[in-house]
Amino acid sequence: MQVGCGDRWEGQRDVANAERGVPGGAVGAIGAGNRVAAARIALWAVVAALGARQIAMVLRTPPGERLTDLETWIGDRGVLHVAGSLYDTDRFIGTPFAGLVLKPLARSAEQSLGVAWTFGTLLLVAVLGMVVARALPGPVSRRTALLAAPVAISLLMLSLPVRNTLHLGQTSVIPVLFVLLGCFQARGERSSGVLIGVAAALQPTVLLFAPLLWLTGRRRAALTTGATFAACSALAWAALPQDSWTYWVHHVAGAGLGARPDSLANQSLHGALLRSGLEGPLEIALFLLLGAAVAVLGLRRAVRYARDGQLLLAVALTGCVAVAVSPTAWQHQLLWVLLAVVGRVGKRASDRLVWPAAVALVMTLPGTMLLPNVGPLIPVRDNVLLVAALAAACAVPFVSRTSPYWLQPLPTDYARPVAGRWRRVPLLPFWRRVLTRPNLLLELLLIRAGYSAYSQVRTAATGGRATAEENARQIVSVEQFLHIDIERWINHAVVKTDGLEAFFNFYYSSFHFLVPLAILGLLYVRRPADYRWARSSLGFATVLALAGFWLYPLAPPRLMPGLGYVDTIHGPQDLASPEYGALTALTNQYAAMPSLHFGWSLWCGLVVLLITPKLWMKLLGLLHPFFTVCAIVATANHWVLDAVGGAAVVMAGFGLTYVLAGPRELLQPASDAAPREPSRPRAAMCAGSEIPAGRAGSGSGTPK
């Protein structure tokens, strides 16, 4: 029997009314509302903190070092003015129309303009985030509607393009804002075209939005966009004829301005081809061919998603096309890529976080933190922003709003937590663990980004040579009191035996990363639920170790003058020189307490001990921490008490995982039935196979 839409709505309303009548349901609703309100307040506090931090950074920077691109306008007495051509130096890369707009700033003092510029840019970023939050394709839940704006503004402030814009004093936020205002807030096609046309006059590749408007039925807006762009450019040509000739003819629409086009800062197809070694007519022909293919494919996808009611995603994809096909796409011009975070990817609920997490990481962290310095990955690392733009524009299969998976992806199979030995364990029962393996791409991104952050914090946690050596003398005194000061004896005994010295040097240098990664890989493939538990405990242990590096800088035995230790790996060093040790300039040599060399090896041994079923496997796993503790002492890289510290943070990591998530054992869900295919969304079931554009919800992205 088929149920009509009216019957379904009535049934849902009756259920909702019944739930309101149940005191428990009311209490639950109130509790959920309070949590959302608290989260909203916290997110707005984060926005305020990020804004205050950015303002403080600008004000603390000396005048000659902040807003460096505005130095084009700075005169001898510190008053902004335009002297000579806009393009006498290589700093100004904007259009002549942008220079014409900025000319009135010549009457403003440098200091006041710097402050006003920073405040103004932050205000534009806030407005941009509000517009993005209102333009999300519907239907949008109340929680999403309340939290979208602070989340969007925070992501924008943390993104590399906005940070670069605030540092340089660029205007690249304005074209993005004008396009979004023209698409979502302007009333009438004429005003929409005017806003997008002005944006194109400031950034010429924005003209690609005219075909998007035309192909989605907004032809008057498309024509107005072209006419406004032509009028603004003609006005600038009349006022600044020499500069206009330089920009449009001599530099081919600004292609030769700014830094070298083959520099890493240029994240366009042209820059990537130049960095690959191509040049001359062949490179230009290949760039034009690839650019045309990207433009056609990307605009076709943008039109399809715009007709699907996802205009914000269509705008983001068009912007990504503009990034790829532009001769030069500097970092502060890549904000379009971040907007692609609104696309939904994947049929499973557990996969929905992969695309937004990948975009957020790419747009907030440098490529060196996302990918290691490995030969085959270097081209991807150097062009990671371009790769993200091309993927969004041409490849990522975003879910259509007519898809049954738009609102109801395949549910995640969660395990029920097991009660712990204490009444309040698990402390966070909502931290539900998943039985299936996590998305591999997301795991690799998070592991790499987490390790890069760990490396940077470890390097920054320097306490000075004097403090580190004083702490080392304390360690020696404690070990002498406990009669465990065996480091020097073991070090010299190994040095006298060539085979042992070579073995421990190799073991120290090779197995520190290899064994933990191998265990994580095996758990990921064979024991996904245990993988999450093991990965969390290792992460907690590593974070706790960072606190030790900060609070207790410690010189290892090999860097202690006068104690006679032999550095078997790095060779002899001149400890009398204040600049001794080549490695001290590359990493923090005083991060010895706790020893993560031993800590990570102990984690490996305990995981193998708990997971493997056979005795010989357990014994083999315990050999790794044994050989590691011998290696760190024999090579004079750690004290014995460093290993004790490493064991302490690992046990604390396991303990935190237990307290927060409960025991390692998991219970299967109450129903072992396979996840059912989700039903089609209500709008699709009632109205047919296509969701009308006008039913997209609040700020749905429907063309105005």
Side-chain angles (χ1 to χ4, degrees), residues 69 72 85-87 89-99 160-161 164-165 168 170-172 174-176 179 199-212 226 229-230 232-233 236-237 243-299 317-337 379 382-390 392-394:
D69 279 3
T72 305
S85 172
L86 294 172
Y87 308 107
T89 66
D90 61 352
R91 291 185 177 274
F92 187 76
I93 59 175
T95 63
F97 178 74
L160 294 172
N164 193 261
T165 296
L168 298 177
Q170 282 288 348
T171 61
S172 51
I174 298 176
V176 181
V179 169
L202 296 172
Q203 188 174 323
T205 51
V206 173
L207 274 177
L208 283 171
F209 284 91
L212 176 66
F229 168 77
C232 292
S233 300
W237 199 290
D243 288 337
S244 297
W245 175 270
T246 301
Y247 182 87
W248 292 109
V249 179
H250 181 67
H251 285 294
V252 192
L257 296 173
R260 290 173 52 88
D262 60 347
S263 67
L264 292 178
N266 181 14
Q267 289 291 306
S268 69
L269 280 171
H270 180 50
L273 291 174
L274 290 175
R275 286 190 291 274
S276 68
L278 295 175
E279 58 183 13
L282 176 61
E283 187 275 329
I284 294 175
L286 186 57
F287 167 60
L288 293 176
L289 181 62
L290 291 176
V294 170
V296 171
L297 180 58
L299 286 175
L317 299 190
T318 307
C320 290
V321 172
V323 168
V325 304
S326 175
T328 52
W330 309 117
Q331 191 176 83
H332 56 83
Q333 298 172 333
L334 303 181
L335 200 54
W336 303 106
V337 183
D382 292 344
N383 302 288
V384 65
L385 292 171
L386 172 63
V387 170
L390 290 174
C394 304

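Quick caveat: nothing in here was measured; it's all calculated off a predicted structure. Side chains are part of it too, since the values below use all heavy atoms of this structure and drop only hydrogens, waters and symmetry mates.
Minimum interatomic distance between Ser268 and Leu386 (heavy atoms only, all atoms of both residues): O-CD2, 3.5 Å. The minimum heavy-atom distance linking Ala201 with Cys232 is given by the pair CB-CB, 3.6 Å. Heavy atoms only, all atoms of each residue included: Pro175 and Ser172 are closest at CD-O, 3.4 Å. Minimum interatomic distance between Ala393 and Val321 (heavy atoms only, all atoms of both residues): CB-CG2, 3.8 Å. Across all non-hydrogen atoms, the minimal contact from Ala329 to Val323 is CB-O, 3.5 Å. Here the closest non-hydrogen pair linking Gly291 and Val325 is O-CG1, 3.4 Å.
Residues forming a side chain to side chain donor-acceptor pair (under 3.5 Å) with Asn164 (at least two apart in sequence, or on another chain): Gln331.
Rounded to the nearest 0.5 Å, atoms CG (Leu390) and CG (Leu269) are 5.0 Å apart. For the atom pair CZ (Phe287) and CG (Leu274), the distance works out to 9.5 Å, reported to the nearest 0.5 Å. Considering CG of Leu334 and CG of Leu160, their distance stands at 9.0 Å, rounded to 0.5 Å. In this structure, the separation between CG on Leu289 and CD1 on Ile284 is 13.5 Å, given to the nearest 0.5 Å. Here His270 contributes atom NE2 and Leu288 contributes atom CG; the two are 9.5 Å apart, rounded to the nearest 0.5 Å. Separation of atoms CG (Asn266) and CG (Leu385) is listed at 11.5 Å; rounding is to 0.5 Å.
Using cut-offs of 30° and 60° for the angle between ring planes, the Trp245 and Trp237 rings count as perpendicular. Between Trp248 and Phe229, the angle of the ring planes goes over 60°, which puts this pair in the perpendicular group of the 30/60° scheme.
By the 4.5 Å heavy-atom criterion applied to side chains, Pro204 and Phe97 are not counted as neighbours. Side-chain atoms of Leu202 and Thr171, non-hydrogen and from C-beta on, never get closer than 4.5 Å to each other.
Within the structure, side chain to side chain donor-acceptor pair (under 3.5 Å) pairs that include any residue of residues 200-212 do not occur (at least two apart or interchain).
When Asn383, Asp382, Val337 are each tested for a side-chain contact (heavy atoms from CB on, under 4.5 Å) with Gln267, only one passes: Asn383.
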